[in-house]
Participant: 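Here you go, one structure.
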Number of protein chains: 2
Amino acid sequence: MDYLQMESYLKAISDHNRMLILKYLSKDSLCICEFTELLDMTQPAISQHMRKLKQAELVTEEKRGRWTIWALNVRHPQYPILIHLLSLLPEPERTIETLVAEGKKVVCN
Amino acid sequence: MDYLQMESYLKAISDHNRMLILKYLSKDSLCICEFTELLDMTQPAISQHMRKLKQAELVTEEKRGRWTIWALNVRHPQYPILIHLLSLLPEPERTIETLVAEGKKVVCN
DNA sequence: TGAATCAATAAGCAAACACTTATATAATAA
DNA sequence: TTATTATATAAGTGTTTGCTTATTGATTCA
C-alpha cells in the first residue's frame, strides 16, 4: 500500500457520517432508505457517501428488488484495522432496533 | 473517543505529505528545515502541516535554539494504531541518511 | 397500464483544504 | 549592532468536500 492508496483509504473513513454508516454496517447490512432514518440525512447525501465508501472498496452492494443492500467488505486488506477503529466509537443513539420497533426495518428476500 | 474526535484524528493523518512526515518521525526527531529537504516543500507548507499534526496531538515540539524539534507523541491514546498504519507504508526514497551524507542533518544540543 | 417507491446522478454552493508568496518574530553569528 | 537563520503566521488562490434541490432510472404494486 503506497502513500496515495493509504490517503484514499483514510479519507474515505475520516468523515463522522461515514464512520456512523460503517459502525451500523459492522452490525447489519442496510439499504439507503434505512440510513436516511438512522442518520436523519437526505437520500442523495447517503447515496454519495456510499459511493465514496464503494470507491475505497470498503463496502459491497447487492441489488435486491428496489433496494440496494450495502454491507462491509470483509475481504478488504485493512478490514481488521477498520473493525478496530470502529470498536473505539460509541454505539449510536439511534439503533437498528429502534427501526424495527417503528416498523421501518426493510425486510426483502 | 467520539465520532468528531475520531474524525479529527483521521483527518490529521489522511494526507500523503503528513503521512510522510509521520513516517520520518517514527525513525527520528526532526526540525522544519530538514523536512523541507526531505519532502521538497516550502517551509510554510511544512509549518502548516506540523500545526495540523500538533492540533491533533500526534506530535510534540521542543524549542532548541533557533530550531523547533518535532517528535511523535508516544503518549497519544492511538499511538499504536498510528505506528501500525505507518508500518504498512514503504520507506521514502529520500532518507535521513541522505541528509547526513549531504551534511544537511541538523545537530543541535 | 399508471402510480408509487428506492436509488443514482447532475448541478450548484458554501466551507474546508493544501498550497503559494509576503511578512513578522526570535535566536544566533559576525 | 547588524546580518543571517529557523520558524510562524497572514493573506490569497485553486481544488476538493459535503451538502442541497432537481431530475432520472428502475422496480414493484394496484
Side-chain angles (χ1 to χ4, degrees), chain A residues 3-4 6-22 25 29-56 58-71 99 103-109, chain B residues 3-4 6-22 25 29-56 58-71 99 103-109:
Chain A
Y3 287 80
L4 287 177
M6 181 68 92
E7 178 175 314
S8 306
Y9 171 71
L10 292 175
K11 280 202 168 136
I13 303 178
S14 37
D15 173 87
H16 63 282
N17 282 322
R18 284 196 292 276
M19 291 195 309
L20 257 177
I21 289 173
L22 292 168
L25 288 183
S29 295
L30 293 162
C31 64
I32 305 284
C33 62
E34 289 169 324
F35 281 121
T36 65
E37 289 287 337
L38 291 167
L39 305 192
D40 195 31
M41 285 179 73
T42 63
Q43 174 265 316
I46 300 285
S47 271
Q48 286 160 27
H49 280 307
M50 298 319 287
R51 184 168 51 190
K52 285 222 163 191
L53 293 172
K54 182 183 160 190
Q55 281 167 350
L58 289 167
V59 296
T60 59
E61 59 182 331
E62 186 200 336
K63 305 265 177 195
R64 217 181 289 181
R66 312 183 249 191
W67 297 280
T68 309
I69 310 297
W70 295 85
L99 269 195
K104 287 175 178 164
K105 182 81 184 67
V106 165
V107 185
C108 46
N109 32 359
Chain B
Y3 288 80
L4 286 177
M6 181 68 90
E7 178 175 315
S8 306
Y9 171 70
L10 292 175
K11 280 203 167 135
I13 304 177
S14 36
D15 173 88
H16 63 281
N17 281 322
R18 283 196 294 276
M19 291 194 310
L20 256 177
I21 289 173
L22 293 168
L25 288 182
S29 295
L30 294 163
C31 65
I32 305 283
C33 62
E34 289 169 323
F35 282 121
T36 64
E37 289 287 337
L38 290 168
L39 304 193
D40 195 28
M41 285 178 74
T42 64
Q43 174 266 315
I46 300 286
S47 270
Q48 286 160 26
H49 281 307
M50 298 319 287
R51 183 166 55 189
K52 284 224 161 189
L53 292 172
K54 183 185 162 190
Q55 280 166 351
L58 288 167
V59 297
T60 60
E61 57 182 332
E62 186 200 335
K63 304 265 178 195
R64 217 181 290 179
R66 316 184 244 191
W67 298 280
T68 308
I69 309 297
W70 295 85
L99 269 195
K104 288 173 178 165
K105 182 80 183 67
V106 166
V107 185
C108 47
N109 31 358

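Order of the sequence lines fixes the chain letters, A, B, ..., with proteins taken first and strands second; residue numbering starts at 1 for each chain.
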Participant: Ignoring backbone atoms, establish whether B:Arg51 has a side-chain N or O less than 4.0 Å from OP1 or OP2 of D:dA8.
Facilitator: no

Participant: Report which part of the nucleic acid A:Lys52 touches: base, sugar-phosphate, or nothing (heavy-atom distance under 4.0 Å, all strands).
Facilitator: sugar-phosphate

Participant: Among the nucleotides C:dC19, C:dT20, D:dT7, which one has an atom lying closest to any side-chain atom of B:Thr42?
Facilitator: C:dT20

Participant: Tell me which nucleotide among D:dA6, C:dA8, C:dA18 gets nearest to the side chain of A:Lys63.
Facilitator: C:dA8

Participant: With respect to the side chain of B:Arg66, which nucleotide from C:dA7, D:dT5, D:dC19 is positioned closest?
Facilitator: D:dT5

Participant: Rounded to whole angstrom units, what separation is found between the CZ atom of A:Phe35 and the P atom of C:dA8?
Facilitator: 12 Å

Participant: The side chain of A:Trp67 is closest to which nucleotide in this list: C:dC6, D:dT7, C:dT21?
Facilitator: C:dC6

Participant: Could you please name the option among D:dT17, D:dA8, C:dC17 that lies closest to any side-chain atom of A:Lys11?
Facilitator: D:dT17

Participant: Taking CD from A:Glu7 and P from D:dT16, how many angstroms apart are they, rounded to a whole number?
Facilitator: 11 Å

Participant: Side chains of B:Thr68 and B:Lys63: closer than 4.5 Å at any heavy-atom pair?
Facilitator: yes

Participant: Take atom CD1 of A:Ile32 and atom P of D:dT27, then tell me their distance rounded to the nearest Å.
Facilitator: 16 Å

Participant: Given D:dG18, D:dT9, C:dA8, identify the nucleotide with an atom nearest to the side chain of B:Pro44.
Facilitator: D:dT9

Participant: Around B:Lys11, counting heavy atoms of other residues, nucleotides and ligands shown, do more than 12 lie under 6.0 Å from its NZ?
Facilitator: yes

Participant: Nearest to the side chain of B:Cys31, heavy atoms from C-beta on, is which of D:dT7, C:dT20, C:dC17?
Facilitator: D:dT7

Participant: Give a yes or no answer on whether the side chain of B:Glu34 reaches the backbone of B:Cys31 with a donor-acceptor pair at less than 3.5 Å.
Facilitator: yes

Participant: Atom CG in B:Leu30, atom CE in B:Met50: separation rounded to 0.5 Å?
Facilitator: 8.5 Å

Participant: Over how many whole Å does the gap from A:Ile46 atom CD1 to D:dC19 atom P extend?
Facilitator: 8 Å

Participant: Base of D:dT7, side chain of B:Gln48 - is there a donor-acceptor contact under 3.5 Å?
Facilitator: no

Participant: B:Gln55 CD to C:dC17 C1': how many Å, rounded?
Facilitator: 13 Å

Participant: How many whole angstroms separate atom OH of A:Tyr3 from atom P of C:dA18?
Facilitator: 17 Å

Participant: Output the rounded distance in Å from CD1 (B:Ile69) to C1' (D:dA8).
Facilitator: 16 Å

Participant: Tell me whether the OP1 or OP2 atom of C:dA8 has a side-chain N or O from A:Thr68 closer than 4.0 Å.
Facilitator: yes

Participant: Is a donor on one side and an acceptor on the other found under 3.5 Å between the side chain of A:Glu7 and the backbone of B:His16?
Facilitator: yes

Participant: Measuring from the side chain of B:His49 (C-beta onward, heavy atoms only), which nucleotide among D:dT9, C:dA18, D:dC19 has the closest atom?
Facilitator: C:dA18

Participant: Reading DNA chain D from 5' onward, which residue's closest nucleotide shows up sooner: A:Asp15 or A:Gln43?
Facilitator: A:Asp15

Participant: Which nucleotide, C:dA10, C:dA18, D:dT7, lies nearest any side-chain atom of B:Arg18?
Facilitator: C:dA18

Participant: Test your reading of the model: is there a side-chain donor-acceptor pair from B:Arg18 to the backbone of B:His49, 3.5 Å cut-off?
Facilitator: no

Participant: How many Å lie between NE2 on A:His16 and P on D:dT17, as a whole number?
Facilitator: 16 Å

Participant: For DNA chain D, whose closest nucleotide is more 5', that of A:Met41 or that of B:Trp70?
Facilitator: B:Trp70

